[in-house]
Amino acid sequence: MLNTGYTETGYGGGVTVMVGAERGAYPYANSVLVRGAAETLVIDPSLSLVGAAPPADVVLVSHAQQGPKTGVGG
């Protein structure tokens, strides 16, 4: 059973690290949320965001992982 969900750690300037379940350990990982003046970006959505992802205008997958980026999708 997947342990989805995350906690947010803010770094100022609209940047938030969404620390994945089990402190971001594989396969959950951490994701980054960047809130701009007009749009929001999620970098590397992870399994921890399934069912609880914040709304985003743009999603960036910075690198490939062993498994699918299951945090991406409708």
Side-chain angles (χ1 to χ4, degrees):
M1 179 97 189
L2 287 177
N3 183 13
T4 59
Y6 59 90
T7 57
E8 294 187 1
T9 302
Y11 286 90
V15 176
T16 302
V17 173
M18 296 176 286
V19 180
E22 300 184 25
R23 296 184 297 160
Y26 179 84
Y28 302 105
N30 300 324
S31 303
V32 177
L33 177 67
V34 181
R35 292 184 175 102
E39 295 179 325
T40 301
L41 164 71
V42 172
I43 302 171
D44 294 331
S46 70
L47 283 173
S48 296
L49 302 184
V50 173
D57 299 295
V58 178
V59 173
L60 171 69
V61 178
S62 68
H63 58 285
Q65 294 290 334
Q66 181 178 358
K69 287 288 189 175
T70 57
V72 178

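Sequential numbering from 1 along the given sequence is applied to the chain's residues.
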- For Thr7, the side-chain contact (heavy atoms from CB on, under 4.5 Å) test, sequence neighbours excluded, returns Val19

- Task: Group every Ile, Leu, Val, Met, Phe, Trp and Tyr by side-chain heavy-atom contacts under 4.5 Å, then state whether Val34 and Val58 land in the same group.
- Result: yes

- Mind checking what makes side-chain contact (heavy atoms from CB on, under 4.5 Å) contact with Leu60, not counting sequence neighbours? Leu41, Ile43

- Query: With a 4.5 Å heavy-atom cut-off, do Thr40 and Pro54 have their side chains touching?
  - Reply: no

- Kindly indicate whether the side chain of Asp44, heavy atoms from C-beta on, has any atom under 4.5 Å from the side chain of Val32. no

- Item | Test item: Ser46 and Tyr28 side chains (from C-beta on) under 4.5 Å apart, heavy atoms | no

- How close do Asp57 and Glu39 get, heavy atom to heavy atom, and via which atoms? OD2-CA, 3.1 Å

- Message: Using only atom types and a distance under 3.5 Å, with no angle test, would you say the side chain of Ser31 pairs donor to acceptor with the backbone of Met18?
- Response: no

- Item | Non-hydrogen atoms of Ala21 and Ser48 that approach each other most closely | N-OG, 2.9 Å

- When rounded to the nearest 0.5 angstrom, what is the spacing between OH in Tyr26 and CG in Leu47? 8.5 Å

